[in-house]
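Since this is a predicted model, take the numbers as computed values, not measurements.
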Amino acid sequence: MQRTKVKELLTGAEVGKEVLLKGWVRTKRGNKFVNFIAVNDGSTIHNLQVVADAEKFPEETLKDITTGASVAVTGELVASQGKGQAYEVVANTIEVIGKADPEAYPLQKKAHSLEFLREIAHLRFRTNTFGAVFRVRNTLAFAVHKFFNEKGFVYMHTPIITASDAEGAGEMFRVTTLDPINPPLTEDGQVNYEEDFFGRATNLTVSGQLEGELAAMAFSDIYTFGPTFRAENSNTTRHLAEFWMIEPEMAFYDLKMNADLAEDFIKYIIREAIEKNRDDIEFLGQRLVEEDKTRPQNERQEMTLMEKLEFVVNNDFERVTYTEAIDILVNSPAYKKKKFQYEVSWGVDLQSEHERYLVEKHFKKPVIVTDYPKDIKAFYMRLNDDGKTVAAMDILAPGIGEIVGGSQREERLDLLVERMKGVGIEEEALWWYLDTRRFGGCPHAGFGLGFERLVQFVTGMGNIRDVIPFPRTPQNAEF
């Protein structure tokens, strides 16, 4: 008999039909006459109840059916007599495939803290919370490819090992095969990377953007979606050392077209999650409601998680320039009452508290901020006519601040070279990048979206470590 997944059994299977169900036991309760076993196989947030007549099964088998054990059940699918589920399976046979010692299994029927579950990340997928989070993550990832494919973009795999620092921040993980104790040295005592595997210093990438631009100069519209790495010693709820980035690059695009695409993209993939993971999102939303009950009234969410997501997909994003945003912040009650931790003035980079104020307090919707001062943005962003700002854009979302960063790229060779010199980047280091301006260059733009921050936004999870299967953070590379 072919196995049927729980989701299918609960939504469209034929009552009275014999079925084969396989999954893991969530709970078991009962008496000497009958046992009620909740089975989940990960296909849905919901369990399927298995009813087992105690007289039908050996006592040893029933004893081995404990929380965490994997089982195979054959039986008749019937309309449920109890509350809470539409269907249940009356068991004819039960096989315990893999036992789980109830004294040792760490996931019992009680509330576990997220901190504890991070310590057993190899098992946390089996909880309702993380089952929901990673089913939503799966839908979002698939929707990324679906969106760009429907628009005719070419999916480009950019290098994970690179010799360039796209961000210019220098916080990169080194890749080397040299002896860590006795590396070869140059005459002046520096590590001689000419003897390394690649013949030069290399690192794990922080971005596929620069290589993506090269492909856009041939295919017009491309996107990358892959792992990126940043050796930033940060233990905040917003940072990871290993994360996934979505980075489209489009030839013949200006800043407005770039912002329009990013807004359409975000709405599209959130809409996909609402459509395909409504039960998961409603479960996660109820979890947030319970969390909110422990907070002061003024810190509670004004909308449920589902309401927030539907609000985002049904409303236009607000658009303001950086200069307008600074004016709003300087004139805000929060600034006047000295509630911001960080100073606000033209020329400073917006901090998370500033971004969230704009989104959550002032506009009460996602915000696209454009035209930032050139001195706080990357060298490749196009200089505006005022000579002080660049054609940059950030999309700010409720709860987490910046979710997208992008810009129109500087296509003018002389201005790009001048900007590189200003930040200390040698022309020789990026000769291949400059060639795209020498040979058939054109206006182009792109953006980067941190996938985990998007998953955070859609699931409502407060810590980015809880939306990636195995978080990599300072002092932590477990599993």
Side-chain angles (χ1 to χ4, degrees), residues 156-215 224-236 238-247 249 349 374-381 405 407 409-410 413 416-438 446 448 450-452 464-465 468-479:
M156 189 63 56
H157 295 131
T158 53
I160 290 174
I161 299 173
T162 179
S164 65
D165 180 358
E167 300 296 320
E171 296 165 333
M172 303 180 77
F173 289 102
R174 185 165 295 156
V175 175
T176 181
T177 57
L178 295 179
D179 187 329
I181 299 173
N182 294 302
L185 303 177
T186 60
E187 291 182 0
D188 58 359
Q190 301 297 311
V191 175
N192 186 1
Y193 287 106
E194 290 184 3
E195 295 189 28
D196 206 349
F197 185 91
F198 294 107
R200 61 191 302 182
T202 53
N203 309 282
L204 294 178
T205 186
V206 297
S207 170
Q209 177 203 315
L210 301 189
E211 293 87 352
E213 285 187 53
L214 311 184
T224 76
F225 184 10
T228 48
F229 309 85
R230 186 163 295 164
E232 182 178 0
N233 191 14
S234 175
N235 275 295
T236 75
R238 301 172 69 241
H239 291 93
L240 292 165
E242 176 185 281
F243 51 99
W244 288 68
M245 285 288 289
I246 302 152
E247 297 177 291
E249 291 290 329
D349 207 355
K374 68 174 184 179
D375 292 338
I376 61 172
K377 288 297 182 180
F379 72 92
Y380 49 73
M381 297 188 178
S407 71
R409 314 311 190 189
E410 183 58 84
L413 179 63
L416 180 58
V417 170
E418 184 180 332
R419 190 86 170 91
M420 287 169 59
K421 286 179 181 175
V423 296
I425 299 175
E426 299 291 335
E427 288 184 52
E428 294 76 18
L430 292 177
W431 63 270
W432 44 270
Y433 185 68
L434 295 176
D435 268 2
T436 58
R437 277 68 175 173
R438 293 189 181 102
F451 186 57
E452 281 70 31
I464 201 166
R465 302 177 191 203
I468 192 168
F470 304 106
R472 297 295 184 246
T473 54
Q475 305 298 308
N476 177 39
E478 195 65 77
F479 311 107

task = Walk me through it: do Glu171 and Val206 pass the test side-chain contact (heavy atoms from CB on, under 4.5 Å)?
result = CA-CA 8 Å; Glu171 296 165 333; Val206 297; over 6 Å; no

request  = Report yes or no: do Asp196 and Thr177 form a side-chain donor-acceptor pair below 3.5 Å?
outcome  = yes

Non-hydrogen side-chain atoms of Ile468 and Phe451 separated by less than 4.5 Å = no

task = Report yes if the side chains of Pro159 and Thr205 come closer than 4.5 Å at any heavy-atom pair, otherwise no.
result = no

Quick one: does any side-chain atom of [X] pair with a main-chain N or O of [Y] as donor and acceptor, under 3.5 Å?
X      : Y      : answer
Arg472 : Glu478 : yes
Glu247 : Gly208 : yes
Arg437 : Val417 : no
Thr186 : Asn192 : no

ask   = Hey, is CZ on Phe173 packed in by over 12 heavy atoms from elsewhere, all under 6.0 Å?
value = yes

Arg200, CZ atom: more than 12 neighbouring heavy atoms under 6.0 Å = no

Between [atom1] on residue [X] and [atom2] on residue [Y], distance to nearest 0.5 Å:
X      : Y      : atom1 : atom2 : result
Thr162 : Glu211 : OG1   : CD    : 5.0 Å
Phe479 : Phe470 : CZ    : CZ    : 7.5 Å
Tyr433 : Leu416 : OH    : CG    : 6.0 Å
Leu413 : Asp435 : CG    : CG    : 9.0 Å
Arg465 : Glu452 : CZ    : CD    : 13.0 Å
Thr473 : Glu242 : OG1   : CD    : 11.0 Å

Minimal non-hydrogen separation, [X] against [Y], with atom names:
X      : Y      : result
Met420 : Glu426 : CE-O, 3.8 Å
Leu185 : Gly189 : CD2-O, 3.8 Å
Pro471 : Leu240 : CB-CD2, 4.0 Å
Thr158 : Gly212 : CG2-N, 4.0 Å

task = Evaluate the criterion side-chain contact (heavy atoms from CB on, under 4.5 Å) for residue pair Thr202 and Tyr193; output intermediate values, then yes/no.
result = CA-CA 9 Å; Thr202 53; Tyr193 287 106; over 6 Å; no

note = Per side chain to side chain donor-acceptor pair (under 3.5 Å), Thr236 is matched among Arg238, His239, Glu232 by His239

ask   = Does the side-chain contact (heavy atoms from CB on, under 4.5 Å) test come out yes or no for Phe243 and Thr228, once each step is laid out?
value = CA-CA 5 Å; Phe243 51 99; Thr228 48; 2.9 Å; yes

task = With sequence neighbours excluded, tell me which residues meet side-chain contact (heavy atoms from CB on, under 4.5 Å) with Ser407.
result = Tyr380, Met381, Ala392, Arg409

request  = Might you work through the side-chain contact (heavy atoms from CB on, under 4.5 Å) test for Trp432 and Leu210, ending with a clear yes or no?
outcome  = CA-CA 10 Å; Trp432 44 270; Leu210 301 189; 4.0 Å; yes

